[in-house]
Amino acid sequence: MRSHAFAIGLFAVAAVAACSDSSTSTTSGGPQAPEITELMPMAGALHVNWKNTTADCDAVEGERKSDKAAYAVVFSVPGAVDNKMDNDARDDVTYTYRLRCKKAGAYSDYSKEMSANPHDAMSDMDA
């Protein structure tokens with residue numbers, strides 16, 4: 001009888017440990033933020049490149065801000081896409097971008113930010 005009670009106790013401990021492990025993986029199992037790899041001045045605008053860290057995102061959403069404006073969504077592209085030309089980022093100011101993945105109605109955290117001025121390349125070309 002004691003060995004039976006001991007076996008049930010071990011089973012209970014194993015079940016609790018399994019539940020703890022699965023709850024941890026559920027928390028981290030959501031979509032992961034894309035990683036901005038490059039923000040390149042190009043043709044007087046900015047080109048954003050990133051690495052998709054969640055392969056099956058439904059969409060990648062990009063937000064942009066400047067010293068004159070708060071973050072706002074400026075593009076949403078299919079999840080398999082890994083770059084976007086932001087033709088509206090043309091002023092001689094520094095723009096900051098962040099991205100997130102949308103998957104089945106859930107959003108990842110935001111990516112790390114990256115900043116650039118579209119006029120930096122123009123001054124390099126003039127030199």
Side-chain angles (χ1 to χ4, degrees):
M1 188 111 161
R2 282 182 88 190
S3 64
H4 185 60
F6 180 74
I8 290 173
L10 283 177
F11 178 75
V13 169
V16 168
C19 287
S20 296
D21 290 345
S22 66
S23 66
T24 302
S25 64
T26 302
T27 303
S28 64
Q32 300 296 310
E35 177 186 335
I36 302 174
T37 57
E38 185 176 34
L39 186 54
M40 181 173 35
M42 182 184 292
L46 290 170
H47 191 88
V48 186
N49 292 301
W50 62 87
K51 176 183 173 189
N52 289 317
T53 53
T54 300
D56 55 352
C57 279
D58 298 329
V60 173
E61 188 175 88
E63 295 186 357
R64 177 186 72 215
K65 73 173 183 172
S66 69
D67 59 345
K68 299 175 185 177
Y71 271 115
V73 175
V74 292
F75 64 83
S76 182
V77 296
V81 173
D82 63 1
N83 68 88
K84 173 69 176 161
M85 183 70 167
D86 185 0
N87 288 310
D88 293 328
R90 295 195 166 274
D91 293 337
D92 187 10
V93 299
T94 298
Y95 294 98
T96 302
Y97 291 80
R98 65 184 183 185
L99 308 174
R100 65 183 180 168
C101 166
K102 179 182 178 188
K103 180 179 176 184
Y107 287 91
S108 70
D109 291 336
Y110 286 104
S111 66
K112 291 185 179 178
E113 299 175 336
M114 189 173 282
S115 302
N117 182 321
H119 288 251
D120 287 347
M122 292 176 76
S123 61
D124 290 344
M125 291 172 66
D126 293 338

For residues 58-65, dump all side-chain donor-acceptor pairs below 3.5 Å to protein atoms at least two apart in sequence or in another chain.
residue : atom : partner : partner atom : Å
Asp58   : OD2  : Ala104  : N            : 2.6
Glu61   : OE1  : Arg100  : NE           : 2.9
Glu61   : OE1  : Arg100  : NH2          : 3.0
Glu63   : OE1  : Arg98   : NE           : 2.8
Glu63   : OE1  : Arg98   : NH2          : 2.8
Glu63   : OE2  : Tyr110  : OH           : 2.9
Arg64   : NH1  : Asp86   : OD1          : 3.0
Arg64   : NH1  : Asp86   : OD2          : 2.5

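Both Leu39 and Val77 are part of a single hydrophobic cluster, where members link through side-chain heavy atoms under 4.5 Å apart. Linking ILVMFWY residues whenever their side-chain heavy atoms come closer than 4.5 Å, directly or via other members, places Val81 and Val48 in the same cluster. Using a 4.5 Å cut-off between side-chain heavy atoms of Ile, Leu, Val, Met, Phe, Trp and Tyr, with links allowed through other members, Val74 and Met85 fall into different hydrophobic clusters.
Taking all atoms of both residues into account, the shortest heavy-atom contact from Ala89 to Pro118 is O-CG, 3.3 Å. What you find for Thr53 and Ala33 is that their closest heavy atoms are OG1-O, 2.5 Å. The shortest non-hydrogen separation linking Gln32 to Ser108 is C-CB, 3.5 Å. In terms of heavy atoms, Pro31 sits closest to Ala106 at CG-O, 4.0 Å.
Each ring pair (Phe, Tyr, Trp, His ring centres under 6.0 Å) pair with one or both residues in residues 43-99, not counting sequence neighbours, appears once here: Trp50-Phe75. Residue pairs meeting the disulfide bond (SG atoms under 2.5 Å apart) criterion with at least one partner in residues 41-111, sequence neighbours excluded, are Cys57-Cys101.
In the displayed structure, Asn49 atom CG is contacted under 6.0 Å by more than 12 heavy atoms of other residues, nucleotides or ligands.
By the 4.5 Å side-chain criterion applied to Ile, Leu, Val, Met, Phe, Trp and Tyr, Val73 is assigned to no cluster and stands alone.
At least one side-chain heavy atom of Leu46 sits under 4.5 Å from a side-chain heavy atom of Pro41.
Looking only at distances, no side-chain donor or acceptor of His119 sits under 3.5 Å from a matching main-chain atom of Ala45.
The closest side-chain donor-acceptor pair between Asp92 and Asn117 falls under 3.5 angstrom.
Looking at residues two or more places apart in sequence or on another chain, you find a side chain to side chain donor-acceptor pair (under 3.5 Å) between Ser115 and Thr96. Partners of Asp56 according to the salt bridge (charged side-chain N to carboxylate O under 4.0 Å, His left out) rule, which considers only residues two or more places apart in sequence or in another chain, are Lys103.
Of the inter-residue distances, the one linking Met114 atom CE with Thr37 atom OG1 reads 7.0 Å to the nearest 0.5 angstrom. Atom CG in Leu99 sits 13.5 Å away from atom NZ in Lys112 (nearest 0.5 Å). Rounding to the nearest 0.5 angstrom, the gap separating the CG atom in Asn87 from the CE atom in Met42 is 10.5 Å.
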